[in-house]
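Have a look at the structure below, then the notes.
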Number of protein chains: 2
Amino acid sequence: MAGNVLNDKTLELIAERFRLLGDPVRLRLLQSLEGGERSVADLVAVTGAQQASVSKHLQLLLRGGLVERRRQGMFVYYSVADDRVFELCNVVCGSLTAYLEKELEHLAGREGDEGPATVS
Amino acid sequence: MAGNVLNDKTLELIAERFRLLGDPVRLRLLQSLEGGERSVADLVAVTGAQQASVSKHLQLLLRGGLVERRRQGMFVYYSVADDRVFELCNVVCGSLTAYLEKELEHLAGREGDEGPATVS
DNA sequence: TGACCATATGAACATAATAGAATATATTAG
DNA sequence: CTAATATATTCTATTATGTTCATATGGTCA
């Protein structure tokens with residue numbers, strides 16, 4: 001966004017990538033992979049989701065280029081292919097924190113300002 | 001994600017924020033606001049979307065704390081409340097670029113590797 | 001080969017997100 | 001007050017996304 005205008009296609013790609021990160025199960029998967037590669041079975045256990053669901057989320061992350069897979073015997077190991085995801089999450093965390101703090105402040109400043117206690 | 005485990009609620013908040021950025025119209029709105037505040041009418045013109053649609057997207061961004069609004073007469077001016085969105089977009093752009101370059105490389109390496117040209 | 005295990009995929013269903021038309025609200029001008 | 005304008009909201013239809021169950025695929029081992 002550094003001043004230049006992005007065309008619709010690019011914007012759609014960026015949006016798509018944000019959407020890819022916009023699911024708590026996928027975020028949990030990525031977080032679980034932060035320490036290194038894991039098998040699907042591991043990830044199923046960690047997330048508590050169904051195997052089919054985990055597998056599909058992993059395919060989405062794979063097609064998006066955020067993770068890689070490696071087969072070893074019967075097991076498939078996934079790992080993070082782009083560390084930027086963690087940077088993104090950190091920035092979002094900061095943004096969220098700032099937002100929530102502002103909200104708190106706002107609420108504190110309006111204490112008891114939720115409408116009249118008396119009728120008419 | 002700096003090594004600590006995030007609970008489900010936090011993860012959902014983060015995912016929600018990513019989803020907020022996961023729409024091309026909203027990204028276009030944010031980009032349009034990068035140069036400073038704009039009225040809704042301006043934004044409708046810029047995006048080419050319906051007024052109702054723009055208004056709804058702006059409400060989403062507002063509730064997410066990414067933009068602020070200011071009323072002046074009949075007009076409402078929106079502005080970016082959290083510059084981190086641009087940082088996020090830039091990181092995503094970098095991530096996308098890396099991914100697409102890798103894809104290209106991959107394709108180049110496999111040139112003509114798309115199956116036999118002859119039948120049986 | 002067949003039995004078995006891990007992972008992926010397909011189909012059906014439920015839910016969420018989005019757009020568009022119509023309408024409501026808020027503000028100013030007369 | 002009414003008319004006019006800018007913005008917000010409601011309602012509805014449609015589409016996208018996610019979950020689950022069942023099944024397919026790919027691999028190992030006897």
Side-chain angles (χ1 to χ4, degrees), chain A residues 8-9 11-33 37-81 115, chain B residues 8-9 11-30 32-33 37-81:
Chain A
D8 291 354
K9 213 167 175 180
L11 228 47
E12 176 52 60
L13 279 177
I14 300 176
E16 194 180 346
R17 177 138 295 210
F18 277 125
R19 262 179 278 140
L20 189 56
L21 294 171
D23 180 279
V25 175
R26 287 194 288 275
L27 291 180
R28 178 69 78 203
L29 289 171
L30 290 168
Q31 186 186 244
S32 303
L33 294 173
E37 66 174 16
R38 303 234 178 240
S39 71
V40 177
D42 283 352
L43 294 168
V44 169
V46 166
T47 58
Q50 298 276 104
Q51 180 267 324
S53 186
V54 169
S55 196
K56 275 181 235 185
H57 283 300
L58 287 170
Q59 296 318 303
L60 291 176
L61 292 170
L62 185 65
R63 280 171 214 148
L66 297 186
V67 302
E68 293 170 337
R69 32 168 285 161
R70 173 177 80 86
R71 179 149 216 150
Q72 182 174 316
M74 280 189 303
F75 295 83
V76 173
Y77 293 91
Y78 281 87
S79 56
V80 174
Chain B
D8 291 353
K9 212 167 175 180
L11 229 45
E12 177 51 60
L13 279 177
I14 299 177
E16 193 180 347
R17 176 139 296 210
F18 277 125
R19 263 178 276 141
L20 189 57
L21 294 170
D23 180 280
V25 176
R26 288 195 287 275
L27 290 181
R28 179 69 77 203
L29 289 171
L30 289 168
S32 303
L33 294 173
E37 66 175 16
R38 303 236 177 238
S39 70
V40 176
D42 284 350
L43 295 169
V44 169
V46 167
T47 57
Q50 299 274 105
Q51 180 266 323
S53 186
V54 169
S55 198
K56 273 182 274 188
H57 284 298
L58 287 170
Q59 296 319 302
L60 291 175
L61 292 170
L62 185 65
R63 280 172 214 147
L66 297 186
V67 302
E68 293 172 337
R69 33 168 283 161
R70 173 177 79 85
R71 179 148 218 150
Q72 181 174 316
M74 280 189 304
F75 296 82
V76 173
Y77 294 91
Y78 281 87
S79 55
V80 174

(message) Working to the nearest 0.5 angstrom, can you tell me the gap between B:Arg26 CZ and B:Arg28 CZ?
(response) 14.5 Å

(request) Pick base, sugar-phosphate or nothing for B:Ala41, based on heavy-atom distances below 4.0 Å to the nucleic acid. (result) sugar-phosphate

(message) Would the base of D:dT7 count as contacting B:Lys56 through its side chain, where contact means a donor and an acceptor less than 3.5 Å apart?
(response) no

(message) Please tell me if B:Arg19 has a side-chain N or O lying less than 4.0 Å from either OP1 or OP2 of C:dA17.
(response) yes

(message) Between B:Glu12 and B:Arg19, is the salt bridge (charged side-chain N to carboxylate O under 4.0 Å, His left out) condition met? List the steps.
(response) CA-CA 10 Å; B:Glu12 177 51 60; B:Arg19 263 178 276 141; 2.5 Å; yes

(message) Regarding C:dA6, can its base be found pairing with the side chain of A:Gln51 as donor and acceptor, where the two atoms are less than 3.5 Å apart?
(response) no

(message) Whether B:Arg26 contacts C:dT18 is assessed here as follows: a side-chain N or O lying under 4.0 Å from the phosphate OP1 or OP2. Is that the case?
(response) yes

(request) Starting from P on D:dT9, measure out to CG on B:Leu60 and report it in whole angstrom. (result) 11 Å

(message) Side chain of A:Tyr78 only, heavy atoms from C-beta on: which candidate in C:dA8, D:dT19, C:dT27 is closest?
(response) C:dA8

(request) On DNA chain C, check which nucleotide each of A:Phe75 and A:Arg63 is closest to and give me the residue with the more 5' one. (result) A:Phe75

(message) Could you measure the distance from the OH atom of B:Tyr77 to the CD atom of B:Gln72? Nearest 0.5 Å is fine.
(response) 5.5 Å

(request) Output the single nucleotide from D:dG27, C:dA21, C:dA8 whose closest atom is nearest the side chain of A:Met74. (result) D:dG27

(message) Strictly below 4.0 Å: does A:His57 bring a side-chain N or O up to OP1 or OP2 of D:dT19?
(response) yes

(request) Compare side-chain N and O positions of A:Gln59 against OP1 and OP2 of C:dA8 and report whether any pair is under 4.0 Å apart. (result) yes

(message) Is A:Ser53 close enough to D:dT19 that one of its side-chain N or O atoms is under 4.0 Å from OP1 or OP2 there?
(response) yes

(request) Run the salt-bridge test on A:Arg69 and A:Glu37 with the 4.0 Å N-O cut-off and return the result as yes or no. (result) no

